Asker: 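One structure follows; several queries about it will come next.
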Number of protein chains: 2
Amino acid sequence: MGRKAHFTNEQFYSAAMSRVAENGPESVTVASIAEAIGAPVGSVYHRFSSREMIMAGLWLSIAESFQKGFLEILDAGHCIAASLYTPQWVRRNPIESKILLLYRREELIGGEWPEQVRERAEGLEQELRSGLNSFVKKQFGRCSEKNIRRMVFALIDVPLASVRRHLENDETPPEYVDELVRETCITMMEVRNENI
Amino acid sequence: MGRKAHFTNEQFYSAAMSRVAENGPESVTVASIAEAIGAPVGSVYHRFSSREMIMAGLWLSIAESFQKGFLEILDAGHCIAASLYTPQWVRRNPIESKILLLYRREELIGGEWPEQVRERAEGLEQELRSGLNSFVKKQFGRCSEKNIRRMVFALIDVPLASVRRHLENDETPPEYVDELVRETCITMMEVRNENI
DNA sequence: GACATATTAGAACCAATATTCTAATATGTA
DNA sequence: TACATATTAGAATATTGGTTCTAATATGTC
């Protein structure tokens, strides 16, 4: 029927993504996205209902892709590999990782989360929680609150901490961070009797 | 000579601080600070040359106070205690810790760092680096790059990671985070031969 | 080729907020 | 009490950036 689209959604996302990685989330204005791909601002609003929707879509697609890989490893029961997933993913995806791991979600998406977006985000959380639960059950026999916390720490919090410093400096995380993360993960797996 | 000040600097800082803790750095407008203490915006600019200067002063005073306590423990050579300093400080300073540990510095202080402010910040970094160096020298005999990294990880990055999740949720870090941090710190202190 | 509609196009609009400016006011000193 | 000045006071200004609106344009279908 109508005329063919001149720009793809990916182009809009990609423009937003580069700008976030280069100058931080604040610098992403609707005008800057438009300019980056040579479109007028009106076109942006024709595709997306608001700036928030662009940022949310971008964030979600990166988060989904990250989490997919993580859960595959976790489901396979590879504990150490799961803890190393973050630094390795960061090396493979330097731009995406700044958006997902360096900035807070609220910096990217300030205001209202439209229903549809919230659902996708909740789906992600749900999926992660259940993946962790079954991992812990498999590894430790039973899924105590204490063991869940240990694994969140070993597989998520610590790996994130290990790369953040490097993301801030725009450098690829050096190999030694894997060693630190691995040692921590091994320690966390050594659950003593009183912990079970 | 002139008339006495009606408001103290602390009042301005404190107003800014509460707002950051409650609604995030974005919500701190010059008008909101003024309103919080019942002053007109003009008074704010009479004291501070810009919004940035308020935020920078606030951030610096918190950072200095945090770091002072940390370095005392570190200088005393108490490794585990140093790693536990962060979660414990967070429990004692719930408001301050959101400003110092939850938000990125760039969120608080966006643009230019005036000379004077930059100097104070650089002083802090310098002081921390040198404190860490002498700690590592004392603990490990020699101050290798590798050991420095391990200690930054054990004493700074991991403790920070251990509380961030809780700061986001506006809850005091539960006691068990100390256990996780302690175990990690112990692991990091066990430097094997090939690491020295 | 004519029509319908998706899309481009960009000017205009609006809201928020940092900053400036001018006037009024209070207080320490002579 | 009168003067000098730090401070309060808040209205006015300027800028930035998201959003809306109207017109022009291209493209698939009849």
Side-chain angles (χ1 to χ4, degrees), chain A residues 1-20 22-59 103 105-114 117, chain B residues 1-20 22-59 103 105-114 117:
Chain A
M1 309 185 189
R3 154 187 182 179
K4 240 182 234 159
H6 196 159
F7 303 104
T8 66
N9 278 17
E10 292 315 309
Q11 281 179 285
F12 290 98
Y13 284 138
S14 164
M17 181 160 70
S18 319
R19 257 201 106 71
V20 176
E22 279 161 28
N23 297 76
E26 299 302 284
S27 75
V28 181
T29 67
V30 175
S32 79
I33 294 175
E35 191 202 41
I37 61 179
V41 292
S43 298
V44 177
Y45 280 92
H46 186 72
R47 291 293 179 82
F48 301 93
S49 57
S50 72
R51 177 185 182 281
E52 307 287 280
M53 285 300 281
I54 304 173
M55 302 304 267
L58 175 62
W59 187 87
Y103 305 113
R105 258 209 322 283
E106 289 74 22
E107 287 188 76
L108 296 159
I109 308 141
E112 301 306 299
W113 283 52
V117 171
Chain B
M1 307 189 189
R3 155 184 180 181
K4 240 182 234 160
H6 196 157
F7 304 105
T8 67
N9 279 16
E10 293 316 309
Q11 282 180 283
F12 290 98
Y13 285 139
S14 163
M17 180 160 72
S18 319
R19 257 200 106 72
V20 176
E22 279 161 27
N23 296 76
E26 299 303 284
S27 75
V28 181
T29 66
V30 175
S32 79
I33 294 174
E35 192 202 41
I37 62 179
V41 291
S43 297
V44 178
Y45 280 92
H46 185 73
R47 292 291 181 83
F48 302 93
S49 57
S50 71
R51 178 186 181 280
E52 308 287 281
M53 286 299 282
I54 304 172
M55 302 303 267
L58 175 61
W59 187 87
Y103 304 113
R105 257 208 323 282
E106 289 75 21
E107 287 188 76
L108 295 160
I109 308 143
E112 301 306 298
W113 283 54
V117 170

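For clarity, every value in this text was computed on a predicted model and none was experimentally measured. We use all heavy atoms of the structure for the numbers below, so side chains are in, but hydrogens, waters and symmetry mates are not. Chain letters run A, B, ... following the sequence lines, proteins first, then strands; residues in each count from 1.
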Asker: Taking salt bridge (charged side-chain N to carboxylate O under 4.0 Å, His left out) as the definition, give me every residue that meets it alongside E52(B), ordered by chain and number, with sequence neighbours left out.
Answerer: none
Asker: Report the distance from atom CZ of F7(A) to atom P of dT7(C), rounded to the nearest whole Å.
Answerer: 12 Å
Asker: To the nearest Å, how far apart are H6(A) NE2 and dT5(C) P?
Answerer: 24 Å
Asker: Just the rounded figure in Å: distance from C1' of dT17(C) to CD of E52(B).
Answerer: 13 Å
Asker: Not counting sequence neighbours, which residues clear side chain to side chain contact (heavy atoms under 4.5 Å, CB included) with S18(B)? List them please.
Answerer: S14(B), E22(B)
Asker: Is the shortest side-chain heavy-atom distance between H6(A) and Q11(A) below 4.5 Å?
Answerer: no
Asker: Could you state the CD1-P distance from I54(B) to dT17(C), rounded to the nearest angstrom?
Answerer: 15 Å
Asker: Does anything in residues 29-46 of chain A reach DNA chain C, meaning a heavy atom under 4.0 Å, and if so which residues?
Answerer: P40(A), V41(A), G42(A), S43(A), H46(A)
Asker: Output all residues satisfying ring-ring contact (aromatic ring centres under 6.0 Å, His included) with F7(B), sequence neighbours left out; order by chain, then residue number.
Answerer: none
Asker: My understanding is that only residues two or more places apart in sequence, or in another chain, count here; which of them pass side chain to side chain contact (heavy atoms under 4.5 Å, CB included) with A31(B)?
Answerer: T29(B), V41(B)
Asker: Go through the structure and list residues passing ring-ring contact (aromatic ring centres under 6.0 Å, His included) with Y13(A), not counting sequence neighbours.
Answerer: F48(A)
Asker: Could you tell me how far apart Q11(A) (CD) and dT7(C) (P) are, to the nearest whole angstrom?
Answerer: 14 Å
Asker: CZ of R51(A) versus P of dT16(D): gap in Å, rounded?
Answerer: 16 Å
Asker: How close or far is atom C1' of dT7(D) from atom CG of N9(B), stated in whole angstroms?
Answerer: 13 Å
Asker: Could you tell me the separation between the CZ atom of R47(B) and the P atom of dT7(D), rounded to a whole number of Å?
Answerer: 6 Å
